[in-house]
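Read through the structure below, which is laid out as structure tokens, and then see the notes.
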There are 2 protein chains.
Amino acid sequence: MGEIMKAKIDDVAKLAGVSKTTVSRVMNKRGYLSEKTIKKVHDAMDELNYQPNVVARQLFKQETKLVGLIFPTVNNPFFGQLVATMEKKLFSKGFKVLLGDSMNDPEKEKLYLRELMAHQVDGLIVGAHNQGIKEYQNANLPIIAIDRIMNNDIPVVSSDNYQGGKMATELLIKNGAKVIIHTNGPKTLQTPAQKRRQAYEDTMIQYGLKPITYTVDFNVSYEQKAKFLKNIFKDHPDVDGMFISNDVDAAQVIDIAGDLGYKVPDDLKIVGYDGAETTRILLPNLTTIIQPIDRMAEIAVNMLVARISNNDAGENKVLPVKVWRGKTV
Amino acid sequence: MGEIMKAKIDDVAKLAGVSKTTVSRVMNKRGYLSEKTIKKVHDAMDELNYQPNVVARQLFKQETKLVGLIFPTVNNPFFGQLVATMEKKLFSKGFKVLLGDSMNDPEKEKLYLRELMAHQVDGLIVGAHNQGIKEYQNANLPIIAIDRIMNNDIPVVSSDNYQGGKMATELLIKNGAKVIIHTNGPKTLQTPAQKRRQAYEDTMIQYGLKPITYTVDFNVSYEQKAKFLKNIFKDHPDVDGMFISNDVDAAQVIDIAGDLGYKVPDDLKIVGYDGAETTRILLPNLTTIIQPIDRMAEIAVNMLVARISNNDAGENKVLPVKVWRGKTV
DNA sequence: TATTTTGTGTTAACCGGTTGACATTTAATT
DNA sequence: AATTAAATGTCAACCGGTTAACACAAAATA
């Protein structure tokens, strides 16, 4: 019933009949070691079920092999896939993940940043949506941003949002839509996703159509969002095309449009954005712009790891997107 | 250009004109302290942008305020929501999350368990699907399982899978389905989800119908799964009801059934399982059994935190489910 | 005035590994 | 036989906080 004390390096040394230093040498593969000694030590470690206390090592080595991920929430197909892929890749490179879901709350994000730094993470990958957190500036820590502009020191990985916005808009126009509405996140968040808005507006004007953009808050309840989206139809009953800036919203729009009697795609054509795996399985009919989520994740991890090991800055990366031809256009 | 050294407790002490001990006392609110001293110390901390090195504290205190979450993957609406909710709750209780996506690979799960223990996590919440990892036994660590039977020492939080299975099956039967097929995960994984299969088979027999259960591997590609699911229709072209053990698979089945010419729900009625938020937004028409994911997450966290602070064992918890009346039945 | 409470300092041990310096023995090479 | 390389040990400092023990002064209370 008594607490089983975890074995320490001294216990291993004693059982193996060697010194603490030798055990450490075996673990870290340093200096001269005979096969015999290595075996003795490993046997002792097995027998004691020894796990070195990583915390002690972290303190001395001044590195934790931890990476913090700060994202709005993994409860979203896009971020879920992004985080899952990064986690997998980081694990294969020997890093563990400290997860921080900021829920788009700037205070929480700031707190996370501080606390993850206090936990001595070796690096950070950030994809939260908030702006103007000055702590990132003096964070003196390798950071990579995904789909988010932070400051000049921090490399950004994103997909080609302008191209994506253009493709979506042209798809609608070429299929005969005339009254095309676009939804996007708050303009104040100067994320690369805002380029979709720019592309939409440019393309509309280029084709002699009038751009109509609505700003949707990311962080509202399902019901509030439904109310907001319904109002779009009230304002523009003649709408025949919509470019919605993320697939989850697009799904909600399809649902609302159906309730209001629109036939998709006959009366109304809809294009979403993101194209996460799960979305494509759950809603294969949704025409959308696919971001290369896995590639973005891999590149962000590679850049971060490079930044951690050497000091090599790394450039911003913009990846191509493609169209998923569903049945909503 | 020179490396800015992070401030340490000694630097704060020097700047505030107090001793290291006093700074520590301020941080930990121990012993007698005057307002004046507290202010001096805080000012110094602010000026130096001081963040205590959590690793040093962890080593001494023998607690890390870290909790490990081992789940198949956050890239799935059910686990994504579960992890997001737990993370939020844990954060509010002062814990950070170390994320481990095991991808249903027993080796990876074992590795994670070992490494998270080496990282000195204060506790673990496990919802991976693999069985027979003996390391959990001698893990001498507070652990809570979600929807997964591990061993008698480890409390399990789950929803009422038997009730859910019964509700789903009866829903199909009462709406006139006769040839009802059920899919479930491998029988060898002795998870509580297996009770859905039991409930399905019991209910079918009770109504004088023949149960037909297919075992679907969780961990195969989209294409492999499609092939497998198509074969079900080949084996039973007269199928008019399906109880699919998770919503993502159900979505795929709907898609395939549509391609094969079945009209849902007229020719074929389908009930899914899980009812995660995202699924319900993306696919509101899917009739499904809703697990109280957020409650499960909260209860698991509460139980874990209780286990960490005192030694209070905690009972298994089974939560009620409910039906989401979509349009696929 | 005597006593207790409050506020702060100094010192050193401790958490559990890692590492450099140096010594010693054994094995391999010249 | 002499020299060099390989294998291991001992010792102590170090990472950056936390804390117990003890000392002492100032403020509050009896």
Side-chain angles (χ1 to χ4, degrees), chain A residues 3-45 48-66 114-115 117-122, chain B residues 3-45 48-66 114-115 117-122:
Chain A
E3 276 288 311
I4 303 134
M5 279 317 284
K6 255 183 236 169
K8 302 174 199 171
I9 194 170
D10 287 306
D11 303 320
V12 176
K14 199 176 294 169
L15 183 63
V18 300
S19 75
K20 190 182 166 185
T21 303
T22 301
V23 176
S24 178
R25 280 176 186 152
V26 170
M27 288 196 287
N28 295 287
K29 300 188 174 46
R30 294 173 50 90
Y32 299 119
L33 290 166
S34 68
E35 285 306 320
K36 209 179 63 195
T37 308
I38 293 173
K39 189 177 179 317
K40 273 196 303 187
V41 172
H42 280 146
D43 288 349
M45 298 201 308
L48 295 171
N49 203 2
Y50 172 74
Q51 286 297 327
N53 183 331
V54 174
V55 173
R57 180 182 297 159
Q58 287 171 343
L59 183 57
F60 184 86
K61 290 253 190 122
Q62 299 292 80
E63 67 167 25
T64 54
K65 289 287 178 183
L66 291 175
R114 252 203 272 278
E115 300 200 2
M117 281 174 66
H119 273 277
Q120 311 296 118
V121 294
D122 291 342
Chain B
E3 275 288 312
I4 303 133
M5 278 318 284
K6 258 183 233 168
K8 302 173 198 173
I9 194 171
D10 286 307
D11 302 321
V12 176
K14 197 175 295 169
L15 183 62
V18 299
S19 73
K20 188 181 168 185
T21 305
T22 301
V23 176
S24 180
R25 280 176 187 150
V26 170
M27 288 197 286
N28 296 287
K29 299 186 174 45
R30 304 179 84 256
Y32 300 117
L33 289 166
S34 68
E35 285 305 321
K36 209 179 63 193
T37 307
I38 292 172
K39 189 175 179 317
K40 273 196 303 186
V41 171
H42 280 147
D43 287 349
M45 296 201 309
L48 294 171
N49 203 1
Y50 173 74
Q51 286 297 327
N53 182 332
V54 174
V55 173
R57 178 183 296 155
Q58 287 171 340
L59 183 57
F60 185 87
K61 290 252 190 124
Q62 300 291 83
E63 66 168 26
T64 54
K65 289 289 181 182
L66 290 176
R114 253 202 271 279
E115 300 200 1
M117 284 175 64
H119 273 277
Q120 311 298 115
V121 294
D122 291 342

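Since this is a predicted model, take the numbers as computed values, not measurements. Chain identifiers are assigned alphabetically (A, B, ...) following the order of the sequence lines, protein sequences preceding nucleic acid strands; residue numbering begins at 1 within each chain. For the numbers below, each heavy atom of this structure counts, side chains included, while hydrogens, waters and symmetry mates do not.
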Open item on the list: As an exercise, state the distance from NZ of B/Lys8 to NZ of B/Lys20, rounded to the nearest 0.5 Å.
Closed with: 10.5 Å

Task: Spacing of B/Lys39 atom NZ and B/Ser34 atom OG [to the nearest 0.5 Å] - done: 12.0 Å

Open item on the list: Let me confirm one number: the OG-NZ distance from A/Ser24 to A/Lys29, rounded to the nearest 0.5 Å.
Closed with: 12.0 Å

Open item on the list: Measure CE/B/Met27 against P/D/dG16 and give the value in whole Å, please.
Closed with: 13 Å

Task: B/Lys8, nearest nucleotide to its side chain (from D/dA20, D/dC15, D/dG16) - done: D/dG16

Open item on the list: Check this one for me: any side-chain N or O of A/Tyr32 less than 4.0 Å away from OP1 or OP2 of D/dA7?
Closed with: no

Open item on the list: Both A/Val23 and B/Thr37 contact DNA chain C. Which one's nearest nucleotide lies toward the 5' end?
Closed with: B/Thr37

Open item on the list: Once you apply a heavy-atom cut-off of 4.0 Å, does A/Asn28 come out as touching a base, just sugar-phosphate, or nothing?
Closed with: sugar-phosphate

Open item on the list: If I take atom CD in residue B/Gln62 and atom P in nucleotide D/dG17, what distance separates them, rounded to the nearest angstrom?
Closed with: 17 Å

Task: Sugar-phosphate, base or nothing in reach of B/Val18, heavy atoms under 4.0 Å - done: sugar-phosphate

Open item on the list: Using the side-chain contact (heavy atoms from CB on, under 4.5 Å) definition, which of the options A/Lys6, A/Gln51, A/Gln58 pairs with B/Gln120?
Closed with: A/Lys6

Open item on the list: Over all strands shown, is B/Ser24 touching base, sugar-phosphate only, or nothing at heavy-atom distances under 4.0 angstrom?
Closed with: base

- [ ] Take atom NE2 of A/His119 and atom P of D/dG17, then tell me their distance rounded to the nearest Å.
- [x] 14 Å

Open item on the list: Assuming nearest nucleotide by heavy-atom distance, tell me which of B/Thr21 and B/Ala56 is located more 5' along DNA chain D.
Closed with: B/Ala56

- [ ] To the nearest Å, give me how far apart CG (B/Asp10) and P (C/dG9) are.
- [x] 13 Å

Task: Distance in angstrom units between B/Arg25 CZ and C/dT8 C1', rounded - done: 7 Å

TODO: Starting at atom CD of A/Gln51, determine the distance to atom P of C/dG16, rounded to an integer number of angstrom.
DONE: 15 Å

Open item on the list: So, OP1 or OP2 of D/dG17: does either fall under 4.0 Å of a side-chain N or O from B/Tyr50?
Closed with: yes

Task: Rounded distance [0.5 Å steps], NE2 in A/His42 versus CE in A/Met27 - done: 9.5 Å

Open item on the list: Rounded to whole Å, please give me the gap between CG in B/Leu59 and C1' in C/dC15.
Closed with: 4 Å

TODO: Consider the side chain of A/Arg30, meaning its heavy atoms from C-beta on, and name the nucleotide among C/dT8, C/dG16, C/dT19 that approaches it most closely.
DONE: C/dT19

Task: Between D/dG9 (P) and A/Ile9 (CD1): distance, integer Å - done: 12 Å

- [ ] Indicate, with a heavy-atom threshold strictly under 4.0 Å, whether B/Lys20 touches base, sugar-phosphate, or nothing.
- [x] base

Open item on the list: By the 4.0 Å heavy-atom rule, please label B/Ser34 as base, sugar-phosphate, or nothing.
Closed with: sugar-phosphate

- [ ] Just call it for B/Val54: base, sugar-phosphate, or nothing, with non-hydrogen atoms closer than 4.0 Å on any strand.
- [x] nothing

